[in-house]
Amino acid sequence: MSHPIFKDQLRSLDNQALASTLDCLAETCKDISQQLKRGELAGILGAAGNENVQGEEQKKLDVIANDLIKQALAGCDAVRGLASEEEDDVVGLSEAPGLLVTFDPLDGSSNIDINSMVGTIFSILPSDTTGPVTEAEFLKPGREQVAAGYVLYGPSTMLAVTTGDGVEMYTLDPVSGDFMLTREAHIPQTAKEFAINMSNQRFWASSVQDYIAELLQGAEGPRGKNYNMRWVAAMVADVHRVLCRGGVFMYPWDARDPNKPGKLRLMYEANPMAFLVEQAGGQCCTPEGPILDLQPEEIHQRVPVILGAAEEVTRCVSMHADVAA
Ligand code: AHG
Ligand code: MN
Ligand code: MN
């Protein structure tokens, strides 16, 4: 069976600026994949010795992946500016109108040192502004994304991408070095699996407690079926599973730090995943509505996230509404 190559697929895109930006991201993620493969041997594991703007400890690989992507995008003429989880502020690359890229260079950082799954997430927005790049021009609802995707560094390295016409998944062929089209994502409407960090249960809102309690009651409960649970602690890997075989993934608000709306970041985690999930036939919401409709207020904004099979997302959101009513 022959698998189309990502680079060739990009040639069929009308928007060549977008094609070159996607090519640049895919090529850089191959480099990250190579570094990850050498792991401990490359001396790249462990802490970098500093914190990012969000007060999280940076791992060496967070910094390496960030620098690789930043450097690559700086060499891509189509890109006007970038914003990253590991950069305090937005970074201007050009004064001409162009594309804005937001990214999480290394998602699932806590998995690095145990040789477990990590990923890179990216989102691409258009900007017709001229002159110095400002944070304000990044603050567009996720509906305005022209493309989004992730690379999962798992047993094989995979690229999932949408330009608004479904979701294609490519597998990196270690022999040819090409990303080859191997799958299209379609989320089944009914779910058998859920993903949530259960250790936070006592801090959840009552609606989340009630929803998960329903799932845990299995065939004997109101949902009348058994569910299995999975938690990789890397959003890329958990969302990849949802895109491949369905289910629901949640990182809700919790009372550990009540002023934080959630853990995940809107601009480079929730929005790109929401675009992919909707394009694969699923839903991605906060308790108030679709993530893609949110008006961002700042680049590092956090949001609660409920995504996956429509049946589960709808049920979970409706239970929040019941509590609010
Ligand atoms: P990052 O490594 O980019 O900071 O993201 C980690 C996120 C996300 O990938 C994952 O779903 C979640 O944090 C895991 O959080 P817990 O450790 O609280 O389970
Ligand atoms: Mn992340
Ligand atoms: Mn990260």
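Because the structure is a prediction, the values reported are computed rather than measured. Whatever order the structure lists ligands and atoms in, that order sets their numbers, starting from 1.
At a cut-off of 2.8 Å, D104 is counted among the residues with an N, O or S atom near the Mn ion (ligand 3). Under 2.8 Å from the Mn ion (ligand 3) lies no N/O/S atom of P105, from backbone or side chain alike. Taking backbone and side chain together, E85 holds an N, O or S atom under 2.8 Å from the Mn ion (ligand 3).
Taking a 4.0 Å cut-off on heavy atoms, S110 fails to register as neighbouring ligand 1. The shortest separation from a heavy atom of V232 to ligand 1 is not under 4.0 Å, leaving the residue out of contact.
Counting atoms of ligand 1 from 1 in the listed order, those under 4.0 Å from a heavy atom of L106 are 2 (O), 3 (O). Proximity to R265 (heavy-atom distance under 4.0 Å) selects the following atoms of ligand 1: 1 (P), 3 (O), 4 (O), 5 (O). For ligand 1, the atoms lying closer than 4.0 Å to a non-hydrogen atom of E85 are 1 (P), 3 (O), 4 (O). Within ligand 1, the atoms closer than 4.0 Å to a non-hydrogen atom of D104 are 3 (O), numbered from 1 in the order shown. Set against the non-hydrogen atoms of E269, the atoms of ligand 1 under 4.0 Å away are 3 (O), 5 (O).
When only modelled atom types and interatomic distance are considered, N197 and S199 share a side-chain donor-acceptor pair under 3.5 Å. Side chains of D62 and Q58: no donor on one and acceptor on the other come within 3.5 Å. Looking at D31 and T28, their side chains never bring a donor and an acceptor atom within 3.5 Å of each other. For N66 and E87, the side-chain atoms include at least one donor-acceptor pair closer than 3.5 Å. Under 3.5 Å, the side chains of T190 and E311 contain no donor-acceptor pair of N or O atoms. Side chains of E312 and Y227: a donor on one and an acceptor on the other come within 3.5 Å.
The distance criterion of under 3.5 Å between nitrogen or oxygen atoms is not met by D238 with respect to ligand 1.
E168 contributes no side-chain N or O that, together with a main-chain N or O of A160, makes up a donor-acceptor pair within less than 3.5 Å. A donor-acceptor pair under 3.5 Å links the side-chain atoms of R80 to the main chain of A96, judged by distance alone. A donor-acceptor pair under 3.5 Å links the side-chain atoms of Q189 to the main chain of G281, judged by distance alone.
Here the heavy atom of the protein found nearest to atom 6 (C) of ligand 1 is D107 OD1, 3.8 Å. At the shortest separation from atom 11 (O) of ligand 1 among protein heavy atoms lies M235 N, 3.5 Å. Residue, atom and distance of the protein heavy atom nearest to atom 18 (O) of ligand 1 are Y251 OH, 2.5 Å. The shortest contact between atom 7 (C) of ligand 1 and any protein heavy atom is with L264 CD2, 3.8 Å. N197 ND2, 2.8 Å is the protein heavy atom nearest to atom 19 (O) of ligand 1. Regarding atom 17 (O) of ligand 1, its nearest protein heavy-atom neighbour is K263 NZ, 3.6 Å.
Separation of the F6 and Y170 ring centroids falls under the 6.0 Å cut-off.
For A234, every heavy-atom contact with ligand 1 shorter than 4.0 Å involves the backbone, none the side chain. Contacts between Q58 and ligand 1 below 4.0 angstrom, taking non-hydrogen atoms only, are absent altogether.
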Inset, instruction - Under the salt bridge (charged side-chain N to carboxylate O under 4.0 Å, His left out) rule, what do D8 and R11 come out as? Steps first, then yes or no, please. - result: CA-CA 5 Å; D8 295 337; R11 285 197 196 100; 2.6 Å; yes
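Under a cut-off of 6.0 angstrom, the local environment of CG in D77 is sparse, with at most 12 non-hydrogen atoms contributed by other residues, nucleotides or ligands.
Within E269, the N, O or S atom at minimum distance from the Mn ion (ligand 2) carries the name OE2. Shortest distance from the Mn ion (ligand 2) to D107 is reached at OD1 (N/O/S atoms only).
Ring geometry, W231 versus F249: the interplanar angle falls under 30°, so the pair is classed parallel (tilted spans 30 to 60°).
Closest to atom 2 (O) of ligand 1 by heavy atom, among A233, S109, S199, is S109.
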